[in-house]
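Encoded as structure tokens, the structure appears first; notes follow it.
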Amino acid sequence: MGKRRCVSATENKPSSGCCGVKKPKLCPSPAGSVQPPVPHNCQPHEEKTVGPGALTPLSRPNGTTSGREQLVVTAEMGCYCFDVLYCHLHGFPQPRLPRFTNDPYPLFVTWKAGRDKRLRGCIGTFSAMNLHSGLREYTLTSALKDSRFPPLTREELPKLSCSVSLLTNFEDVGDFLDWEVGIHGIRIEFLNEKGVKRTATYLPEVAKEQDWDQIQTIDSLLRKGGFKAPITNEFRKSIKLTRYRSEKVTISYTEYMASRQNAQQNGTVHALPHFTHYS
């Protein structure tokens, strides 16, 4: 069984790509800067019903949906990420601080594009960050600084979807197979051929989406982390593995627009500068 541990806000974990590639942070500490006041976009989504322009129900970490459990992640977080990216790409001041919780969590922001949901950026951090500054920072880091892809552009905005993943329930395990596909994300530490420690991670949905079993996932993660030698079962047993879960919400550009327009009609927010450029 895994040993559960807490992740503190000061724990020094590197920012990572969701496919296991380490990435630098965009800036040292955005939390200490003062952002110009620009009206925030999204109203709260107490009810997430399925329909035209509506948001689908959020999923629990094991993929099921429950209206009885209070989740931390909200659709408003995805809307905030869209606002941050929009303002940056158009040279506007960043939006005002959002209304959702500012508690610290490890987090990832993922951008996908087109009907085929092509990955366009996925970077996050295992250090627990206050959500307001953390989402603002990693919105731009994942959109502009993922070295696997060119930076996102204005023209791509209408084709994008944004996912916010908040990581929870970290557990160090002694057996590299002590985790479940589709339920746990995994983070591994290992020594490469030169004896240098490397780390890599996959979010909970990755192995299931790729239809990998546990061994395939571990081996793929080792390769993504830069291990080039033959992979033996003995080497797999030497891996230090941490499993975790996540709360995730995904919104498309269409859903974001519907949410913002509804909020504007209700008078709860004002339009961003030149917001009609989005049409």
Side-chain angles (χ1 to χ4, degrees), residues 15-23 26 41-42 45 48 50 52-61 63 65 71 73-90 105-125 131 134-167 181-182 185-186 200-212 217 220-221 224 245-260 278:
S15 55
S16 306
C18 62
C19 291
V21 182
K22 290 185 180 179
K23 297 293 186 294
L26 182 62
N41 64 330
C42 292
H45 293 268
K48 302 174 180 67
V50 180
L55 297 170
T56 56
L58 302 184
S59 295
R60 297 169 58 190
T65 300
L71 296 178
V73 74
T74 67
E76 189 179 5
M77 295 177 185
C79 291
Y80 180 62
C81 293
F82 264 113
D83 262 357
V84 169
L85 182 59
Y86 170 82
C87 288
H88 177 85
L89 292 178
H90 290 83
Y105 283 88
L107 59 91
F108 274 74
V109 178
T110 303
W111 296 99
K112 294 185 178 181
R115 294 182 179 180
D116 56 349
K117 303 296 182 183
R118 290 175 290 105
L119 184 65
R120 286 291 281 111
C122 178
I123 299 179
T125 178
L131 288 177
L135 288 177
R136 183 171 65 243
E137 176 176 350
Y138 280 96
T139 288
L140 298 180
T141 304
S142 59
L144 307 174
K145 298 294 183 178
D146 191 326
S147 61
R148 297 169 294 178
F149 310 102
L152 288 173
T153 64
R154 294 185 192 181
E155 291 72 25
E156 290 182 273
L157 282 169
K159 303 174 184 178
L160 294 177
S161 65
C162 178
S163 297
V164 173
S165 299
L166 306 184
L167 312 186
V181 172
I186 58 173
T201 191
Y202 278 143
L203 295 176
E205 63 269 22
V206 173
K208 185 175 181 179
E209 289 175 352
Q210 298 297 323
D211 197 26
W212 289 334
T217 305
S220 173
L221 200 48
K224 289 292 184 180
R245 298 196 181 198
S246 72
E247 294 182 12
K248 179 182 176 182
V249 63
T250 300
I251 69 166
S252 67
Y253 171 83
T254 301
E255 291 167 332
Y256 163 64
M257 287 291 291
S259 174
R260 170 171 263 291
Y278 260 39

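We use all heavy atoms of the structure for the numbers below, so side chains are in, but hydrogens, waters and symmetry mates are not. Keep in mind it's a predicted model, so treat the numbers as computed, not measured.
The distance from the CE atom of Met257 to the OG atom of Ser252 is 11.0 Å, given to the nearest 0.5 Å. A distance of 9.5 Å separates OH of Tyr253 from CG of Leu160, quoted to the nearest 0.5 Å.
Two residues are said to be in side-chain contact when any heavy atoms from C-beta on lie closer than 4.5 Å; Phe108 and Tyr138 fail this criterion. With a 4.5 Å cut-off on side-chain heavy atoms, Leu131 and Tyr105 count as touching. The shortest distance between side-chain heavy atoms of Thr201 and Ile186 does not fall below 4.5 Å. At a threshold of 4.5 Å between non-hydrogen side-chain atoms, the residues Arg136 and Tyr80 count as touching. The side-chain heavy atoms of Glu137 and Thr141, taken from C-beta on, include a pair separated by under 4.5 Å. Residues Glu209 and Leu203 have side chains not in contact (no heavy-atom distance under 4.5 Å, counting atoms from C-beta outward).
In terms of heavy atoms, Ser259 sits closest to Cys79 at OG-SG, 3.9 Å. Residues Cys122 and Arg148 share a closest heavy-atom pair of O-NH2, 3.4 Å. Counting all heavy atoms, side chain and backbone alike, Phe82 lies closest to Leu157 at CE2-O, 4.3 Å. The minimum heavy-atom distance linking Gly78 with Cys162 is given by the pair O-SG, 4.4 Å.
For the residue pair Trp111/Ser142, the side-chain donor-acceptor check at 3.5 Å is satisfied. In this structure, a donor-acceptor pair under 3.5 Å is present between the side chains of Tyr202 and Ser220.
Residues meeting the side chain to side chain contact (heavy atoms under 4.5 Å, CB included) test with Ser163, sequence neighbours left out: Thr110, Lys248, Thr250.
Glu156 places a side-chain N or O within 3.5 Å of a backbone atom of Thr153 that can act as its donor or acceptor partner. Between the side chain of Glu247 and the backbone N or O of Val73 there is at least one donor-acceptor pair closer than 3.5 Å. The main-chain N or O of Val84 is never found under 3.5 Å from a side-chain atom of His88 such that the two would form a donor-acceptor pair.
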ask   = Would Val164 and Cys81 count as a side-chain contact (heavy atoms from CB on, under 4.5 Å) if you check the C-alpha gap in whole Å, the side-chain angles of each, and the deciding distance to 0.1 Å?
value = CA-CA 9 Å; Val164 173; Cys81 293; 3.8 Å; yes
ask   = Run the side-chain contact (heavy atoms from CB on, under 4.5 Å) check on Asp83 and Thr139 step by step: do they pass?
value = CA-CA 10 Å; Asp83 262 357; Thr139 288; over 6 Å; no
request  = Give the C-alpha distance, both sets of side-chain angles, the deciding distance and a yes or no for side-chain contact (heavy atoms from CB on, under 4.5 Å) between Met77 and Leu135.
outcome  = CA-CA 8 Å; Met77 295 177 185; Leu135 288 177; 3.9 Å; yes
ask   = How far apart are the C-alpha atoms of Leu167 and Leu107, what are their side-chain angles, what is the distance that settles it, and do they pass the side-chain contact (heavy atoms from CB on, under 4.5 Å) test?
value = CA-CA 6 Å; Leu167 312 186; Leu107 59 91; 6.0 Å; no
Side-chain donor-acceptor contacts of residues 112-119 below 3.5 Å, not counting sequence neighbours, with atom names and distances?
residue	atom	partner	partner atom	Å
Asp116	OD1	Arg118	NE	3.4

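Taking a cutoff of 4.0 Å between a charged side-chain nitrogen and a carboxylate oxygen, Asp146 and Arg120 do not qualify as a salt bridge.
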